[in-house]
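Given the structure is predicted, the values throughout are model-derived calculations rather than measurements.
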Amino acid sequence: MKTKAVTLFILVATFLGCSKDKSNITLSGPSSSCPANSSCSYIYYDNANFTNTANIQAGQNRVFTYVTVNSQICNLATSVYFKTALSNNDFEINSAQIASGQVVAYGEVCACCDVLANVKPISGDIKGKKTGTSTWLINATVIIGTSSGAPIDTVVVNQYFNLTTMNAVPL
């Protein structure tokens with residue numbers, strides 16, 4: 001059965017950072033490339049927030065977005081959004097925070113394909129470090145699973161994210 005523009009699951013909360021010193025975070029590994037037959041965006045917004053992956057709005061956070069659109073699967077758009085406090089120059093979001101729904105939003109939109117319902121981020125690790133006035137290096141592994149906790153996919157991103165304006169909201 002074909003489904004039109006279905007958004008699967010969104011988890012939203014604010015990550016304000018821990019008090020421990022994170023200045024020694026090391027981001028490692030080669031830069032990830034966009035999946036085959038896809039286009040990708042790696043962007044972030046300052047003074048932003050989100051209520052779902054299609055609604056970036058003004059707020060008190062820094063919001064990072066990774067979106068991939070697969071042209072071979074009916075333009076399936078997969079998005080992972082996460083946020084941190086504006087005052088952070090580096091951060092780490094651990095597996096427990098992801099599993100508890102504190103920091104990450106995930107969604108899929110597909111105009112002409114079946115998509116799974118009730119999926120959500122269940123585990124992973126996201127590290128970020130400011131590398132310039134308008135760039136951050138993000139190293140993320142987010143495991144997507146069913147509502148019962150069974151893993152079904154893993155999103156891996158090791159890439160530079162660039163600052164954009166609120167007028168340039170992806171997808």
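- The distance from the OG1 atom of Thr141 to the NZ atom of Lys127 is 9.5 Å, given to the nearest 0.5 Å.
- Separation of atoms OG1 (Thr131) and CG (Asp90) is listed at 12.0 Å; rounding is to 0.5 Å.
- Formation of a donor-acceptor pair under 3.5 Å by the Ser32 side chain with backbone atoms of Asn158 is found in this model.
- Applying side chain to side chain contact (heavy atoms under 4.5 Å, CB included) to Thr78 and the options Val67, Thr68, Asn70, Asp153 leaves one that passes, Thr68.
- Here the options are Thr65, Leu163, Thr165, the test is side chain to side chain contact (heavy atoms under 4.5 Å, CB included), and the partner is Tyr45; only Thr65 passes.
- With rounding to the nearest 0.5 Å, the separation of CD in Gln159 from CG in Leu137 is 8.5 Å.
- Between the Ser71 side chain and the Asn75 main chain, no donor and acceptor come within less than 3.5 Å of each other.
- Looking at Asn49 and Lys83, their side chains do bring a donor and an acceptor atom within 3.5 Å of each other.
- Panel note: side chain Arg62, backbone Leu86; a donor-acceptor pair is recorded below 3.5 Å.
- Ring geometry for Phe82 versus Phe64: interplanar angle under 30°, hence parallel rather than tilted (30 to 60°).
- Within the 4.5 Å cutoff, the side chain of Phe161 has no heavy atoms near those of the Ile43 side chain.
- One hydrophobic cluster, built from ILVMFWY side chains closer than 4.5 Å, holds both Val142 and Ile138.
- No more than 12 heavy atoms of other residues, nucleotides or ligands lie within 6.0 Å of CD in Gln60, so this atom counts as exposed by the packing criterion.
- Among the candidates Ile126, Ile122, Asp125, the single residue satisfying the side chain to side chain contact (heavy atoms under 4.5 Å, CB included) test with Ile98 is Ile126.
- Side-chain atoms of Ser148 do not come within 3.5 Å of backbone N or O of Thr146 as any donor-acceptor pair.
- Ser39 pairs by the side-chain contact (heavy atoms from CB on, under 4.5 Å) definition with Val69, not counting sequence neighbours.
- With contacts defined as side-chain heavy-atom distances shorter than 4.5 Å, the pair Val155/Tyr66 qualifies.
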- Check against disulfide (SG to SG under 2.5 Å), Cys34 and Cys40: CA-CA 6 Å; Cys34 197; Cys40 295; 2.0 Å; yes

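- Between Tyr42 and Asn162, the closest side-chain pair of non-hydrogen atoms is not below 4.5 Å.
- Remark: aromatic rings of Trp136 and Phe91 are close, center separation under 6.0 Å.
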